[in-house]
Amino acid sequence: MIIELREEEAAATEIGYILTFFLGLMFLTTFSVWTFDIQQATEERWTNEAIQENLREVSEAVERADSAMRIDSNASYAEPIYLRLSADTGLGLILLLTEESVTITDTSEARMFTQDISAASDATHSGEVNLAGVSIVWVSLQNGNITIGLEQPGF
């Protein structure tokens with residue numbers, strides 16, 4: 001009888017160890033999923049903020065080129081814009097310059113950020129740049145055209 005009681009206590013102890021192990025595993029898994037979700041949300045927020053900051057800087061450079069054109073219709077102007085997210089090639093971002101706005105979008109157009117520009121000069125605005133692996137974009141004014149591109153203009 002004493003031997004049987006000790007075997008039951010040992011079995012209960014083993015079951016307690018197993019249940020404690022599974023409880024710990026469940027907590028660890030829940031914590032891992034929770035921290036992964038926090039990391040993903042933070043990464044998404046930082047990416048969106050970097051895209052918006054890039055957009056703001058490019059649109060401001062276009063506005064400065066417009067100002068130069070208003071001062072002198074024969075003006076030439078070039079400005080480099082150092083981009084954030086230059087190493088992130090997986091986003092598939094495209095920068096577009098039109099007469100009314102500067103837009104950054106991805107190839108699936110799931111993300112689209114637009115900044116309106118005044119286009120207060122007579123210059124035409126155009127350009128499209130694939131931002132994969134790009135660290136510098138040039139905004140240039142030459143012969144009444146404001147463009148964005150990857151190459152430094154040679155006036």
I'd like to know whether E57 forms a side-chain contact (heavy atoms from CB on, under 4.5 Å) with R84, so could you lay out the CA-CA distance, the side-chain angles of the two residues, the decisive distance to 0.1 Å, and finally the verdict.
CA-CA 11 Å; E57 289 182 2; R84 290 149 183 81; 3.1 Å; yes
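- Judged as a side chain to side chain contact (heavy atoms under 4.5 Å, CB included), and not counting sequence neighbours, the contacts of E79 are A61, R64, Y77, I81.
- Counting heavy atoms from C-beta on, the side chains of E63 and S118 come closer than 4.5 Å.
- Linking Ile, Leu, Val, Met, Phe, Trp and Tyr whenever their side-chain heavy atoms come within less than 4.5 Å puts I51 and V134 in one cluster.
- Remark: N48 CG to I104 CD1 distance equals 11.0 Å, nearest 0.5 Å.
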Just do the side-chain contact (heavy atoms from CB on, under 4.5 Å) check on L83 and S135 with the steps written out, would you?
CA-CA 5 Å; L83 302 174; S135 59; 5.8 Å; no
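- Closest of all the heavy-atom pairs between L141 and A65 is CD2-O, 3.4 Å.
- Note that the OG atom of S101 and the CD1 atom of I117 stand 6.5 Å from one another [nearest 0.5 Å].
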Residue pair L150, V129: steps toward the side-chain contact (heavy atoms from CB on, under 4.5 Å) verdict
CA-CA 7 Å; L150 298 176; V129 176; 3.3 Å; yes
T147 and S126: CA distance, side-chain angles, deciding distance, side chain to side chain donor-acceptor pair (under 3.5 Å) verdict:
CA-CA 5 Å; T147 59; S126 63; over 6 Å; no
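- Every residue was checked against the salt bridge (charged side-chain N to carboxylate O under 4.0 Å, His left out) condition with E128, not counting sequence neighbours, and none meets it.
- Annotation: side chain of L97 is not in contact with side chain of V58 (no heavy-atom distance under 4.5 Å).
- Between the CG atom of L23 and the CG atom of L28 there is a distance of 11.5 Å, given to the nearest 0.5 Å.
- Partners of S59 according to the side-chain hydrogen bond (donor to acceptor under 3.5 Å, both in side chains) rule, which considers only residues two or more places apart in sequence or in another chain, do not exist here.
- Considering CD of E49 and CG of N54, their distance stands at 12.0 Å, rounded to 0.5 Å.
- Defined by atom type and a distance below 3.5 Å, a donor-acceptor pair is missing between the side-chain atoms of E44 and Q40.
- At least one side-chain heavy atom of V137 sits less than 4.5 Å from a side-chain heavy atom of L131.
- At a threshold of 4.5 Å between side-chain heavy atoms, the hydrophobic network of Ile, Leu, Val, Met, Phe, Trp and Tyr places I18 and F21 in one connected group.
- Note that the CG atom of D66 and the NE2 atom of H125 stand 3.5 Å from one another [nearest 0.5 Å].
- Closest of all the heavy-atom pairs between A123 and M69 is CB-CG, 3.9 Å.
- One finds the CG atom of L55 at 10.0 Å from the CD atom of E60 (value rounded to the nearest 0.5 Å).
- By the 6.0 Å contact criterion, CD on E151 is open, its count of non-hydrogen atoms from other residues, nucleotides or ligands being 12 or less.
- When every heavy atom of A75 is checked against every heavy atom of A68, the shortest pair comes out as CB-O, 3.7 Å.
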